[in-house]
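The first residue of the sequence shown is numbered 1, and numbering continues consecutively from there. Read the numbers this way: they start at 1 and go in the same order the structure lists the ligands and their atoms. Being a predicted model, the structure only gives us computed values, none of them experimental.
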Amino acid sequence: MLSLKDVRKSYREPNGDSLLILDIPQFELAAGEQVVLRGQSGCGKTTLLNCISGLTTVDAGSIVINGHDITQLHEMTRDRFRAQHIGFVFQTFNLLPAFSALENVLLGMTFTGQKPDPRRAARLLDEVGLSHRLDHKPTALSVGEQQRVAVARALANQPSLLLADEPTANIDPAHQQQVIDLLRAACEKQEVAMLLVTHAPEVADQFQLWTTLAS
Ligand SMILES: Nc1ncnc2c1ncn2[C@@H]1O[C@H](COP(=O)(O)OP(=O)(O)OP(=O)(O)O)[C@@H](O)[C@H]1O
Ligand SMILES: [Mg+2]
């Protein structure tokens, strides 16, 4: 369902030089496959997820998701495609500060053009242990609670590909396991593929497939 070929991504350094971050000849993820992505800080894990989601453009190569090369889509089509196919748990959450936890999840639903479903949004928040915080805005939530809202939002549109960037980095062990179980259950129920970035051995050890990004 996901296929990368000869993907290259460089950033410009402050002095103007080009800094190669990603050089991936080939990477494949089948429907329903769950893979842990590891690699040291700064090696390009978040950059890779941003490229796969089309939030960042690549310099070269193709990224095919469900038969569509996301690198060839125009921005608006890409945004719609992302909303329909991809759930993204951002490392820095990216919640909208003016909106409550429930509204953040509901807003995630509007980007597909479908009618938002408040009952489903509330259920997802309940599944990450936040049924008592539906109306709280991000600034009134703890960091771990914000992260769990981000997880609920990523599942809002029943994506076929989940990109989870250290989704339990700020969460206590009990809720960490709840979040991992929820992500796995979503994957297993609907053949969702997942690329999960984590530094936590107790999380990574639960998955059979690992890939390490060289720096
Ligand atoms: N917009 C940017 N402009 C220039 N350099 C960038 C930009 N974004 C990221 N980088 C550089 O790219 C490298 C990879 O960053 P990235 O965020 O992908 O790392 P990471 O593997 O996710 O690290 P971490 O484990 O700390 O989250 C870093 O060295 C960073 O300095
Ligand atoms: Mg990162």
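Proximity of His199 to ligand 1, defined as any heavy-atom pair under 4.0 Å, is confined to the side chain (atoms from C-beta onward). Of the heavy atoms in Thr46, both backbone and side-chain atoms come closer than 4.0 Å to ligand 1.
Looking only at protein heavy atoms, the nearest one to atom 14 (C) of ligand 1 is Gly42 O, 3.2 Å. With hydrogens left out, the protein atom closest to atom 18 (O) of ligand 1 is Thr47 OG1, 2.6 Å, a heavy atom.
Residue Glu166 has at least one heavy-atom neighbour below 4.0 Å for each of these atoms of ligand 1: 25 (O), 27 (O). When each atom of ligand 1 is checked for a heavy atom of Gln91 under 4.0 Å away, the hits are 27 (O).
Remark: distances from the non-hydrogen atoms of Cys43 to ligand 1 include one below 4.0 Å.
A side chain to side chain contact (heavy atoms under 4.5 Å, CB included) with Ile171 is found for one member of Gln147, Glu145, Gln177, Gln178 and no other, namely Gln147.
Not one N/O/S atom of Ser41, from backbone or side chain, sits under 2.8 Å from the Mg ion (ligand 2). The Mg ion (ligand 2) has no N, O or S atom of Thr47 closer than 2.8 Å.
Figure legend: cation-pi geometry between Arg153 and Phe88 absent, as NZ or CZ is not positioned both under 6.0 Å from the six-membered ring centre and within 45° of its axis.
The N/O atoms of Gly44, backbone and side chain alike, include one that comes under 3.5 Å of an N/O atom in ligand 1.
Proximity of atom 4 (C) of ligand 1 to the protein is indicated by at least one non-hydrogen atom lying closer than 4.0 angstrom.
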